[in-house]
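We use all heavy atoms of the structure for the numbers below, so side chains are in, but hydrogens, waters and symmetry mates are not. Just so it is clear, the structure is predicted and the values come from calculations on it, not from any experiment.
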Amino acid sequence: EVSYSYGVWSSDFVFSGIQSFEDAVLTQDYYEAELKVKYAMAYSTYLFALTGYREDSFSGIYSEKKGVAGVGYHAFEDEPSYSVDVELGYGERVSKKVDRVRLDYDPGFHIGILSEYLFSEEDLVKLNITIEAGNDDDYIKKVLTWEHVLFENLSVNFDYESRTVTKPELGKARSDGNVSVKLGYKF
């Protein structure tokens with residue numbers, strides 16, 4: 001995860017990938033990259049543009065590209081230990097399913113709820129829920145993170161992530177979840 005801010009502009013780039021094996025058999029193969037650019041406006045609102053790429057062959061997605069633009073609201077701006085962002089946007093997902101040759105163009109709405117609560121100087125809890133509601137199917141991603149600072153800039157994250165495709169390909173899993181532990185360094 002890489003973030004950069006300059007004045008009223010900010011951007012976040014996130015890449016995540018999971019590949020797991022059980023008894024030498026591939027049981028999960030998932031990759032996702034997202035770039036979000038935000039422009040801060042008055043009254044705690046902001047405009048955002050989001051582009052992303054995802055592969056998840058176990059839920060039937062060979063490749064998927066998305067583009068979304070919208071508006072967000074940053075609540076509780078005066079409260080340093082708690083924040084909630086609510087985002088509404090519109091865009092399109094272009095998916096290539098594993099069992100199909102054709103591309104699937106799915107315009108729809110993006111809804112995001114991004115929240116953080118700072119328990120102490122060392123402990124931060126995040127809950128992010130993203131819903132991309134389309135004509136063909138919906139994609140719902142939920143991530144619960146506990147971040148604990150070990151030393152000044154070194155931290156450990158405990159994540160629970162759940163992904164749901166409401167209409168998966170025949171024989172593919174509708175929901176998938178995983179627990180992960182990550183080390184991070186902020187500079």
- Item | Under 3.5 Å donor-acceptor, S115 side chain and L127 backbone | yes
- Task: Tell me yes or no: between the side chains of S175 and T164, is some donor less than 3.5 Å from an acceptor?
- Result: yes
- Please determine if E132 and K66 form a salt bridge, counting it only when a charged side-chain N lies under 4.0 Å from a carboxylate O. yes
- Query: Does R163 come within less than 4.0 Å of E161, counting only side-chain N to carboxylate O?
  - Reply: yes
- Item | Within 6.0 Å of CD in Q19, more than 12 heavy atoms from elsewhere | yes
- Grab the two heavy atoms, one from G17 and one from Y31, that are nearest each other, plus how far apart they are. CA-CD2, 3.9 Å
- Message: Show the nearest heavy-atom pair for residues R93 and D138, with the distance to one decimal.
- Response: NH2-CA, 4.1 Å
- Query: Going through the checks in order, is the ring-ring contact (aromatic ring centres under 6.0 Å, His included) test met by Y117 and F119?
  - Reply: CA-CA 6 Å; Y117 181 69; F119 281 100; 4.6 Å; yes
- Take the angle between the ring planes of Y4 and Y6 and call it parallel below 30°, perpendicular above 60°, tilted in between. parallel
- Task: Report yes if the side chains of E79 and E77 come closer than 4.5 Å at any heavy-atom pair, otherwise no.
- Result: no
- Message: Check for me whether K36 meets the cation-pi criterion with F48, that is, NZ or CZ under 6.0 Å from the six-membered ring centre and within 45 degrees of the ring axis.
- Response: yes
- Heavy-atom neighbours of F151 CZ exceed 12 at 6.0 Å: no
- Message: Checking side-chain polar atoms at under 3.5 Å, does Y73 have a donor or acceptor matched by the opposite partner on E87?
- Response: no
- How many angstroms lie between OH in Y160 and CG in L144, if you round to the nearest 0.5 Å? 9.5 Å
- Task: Could you tell me how the ring of F109 sits relative to the ring of Y90: parallel (under 30°), tilted (30 to 60°) or perpendicular (over 60°)?
- Result: perpendicular
- Message: Could you check whether D85 and Y46, counting side-chain N and O atoms only, form a donor-acceptor pair closer than 3.5 Å?
- Response: yes
- Query: How about V94 and E92: do any of their side-chain heavy atoms sit closer than 4.5 Å?
  - Reply: yes
- Message: How long is the straight-line distance from CG of L124 back to OG1 of T145, given to the nearest 0.5 Å?
- Response: 8.5 Å
- Message: Using side-chain heavy atoms (C-beta onward) and a distance below 4.5 Å, is I111 in contact with L88?
- Response: yes
- Task: Assess the side chains of W146 and N157: does a donor N or O sit below 3.5 Å from an acceptor N or O?
- Result: no
- Is any NZ, NE, NH1 or NH2 atom of the basic residue among K186 and E147 found under 4.0 Å from an Asp or Glu carboxylate oxygen of the other? yes
- Kindly work out whether a path of hydrophobic side-chain contacts (I/L/V/M/F/W/Y, heavy atoms less than 4.5 Å apart) joins V125 to Y82. yes
- Between K182 and D159, is the closest basic N to carboxylate O distance under 4.0 Å? yes
- Would you give the length of the straight line joining atom OG of S3 to atom CG of D12, rounded to the nearest 0.5 angstrom? 3.5 Å
- Nearest heavy-atom neighbours spanning S63 and Y53: CB-OH, 3.4 Å
- Query: More than 12 heavy atoms of other residues, nucleotides or ligands under 6.0 Å from CZ of F158: is that the case?
  - Reply: yes
- To the nearest 0.5 Å, atom CD of E32 lies from atom CZ of F15 at 9.5 Å
- Side-chain heavy-atom pair K141, I129 within 4.5 angstrom cut-off: no
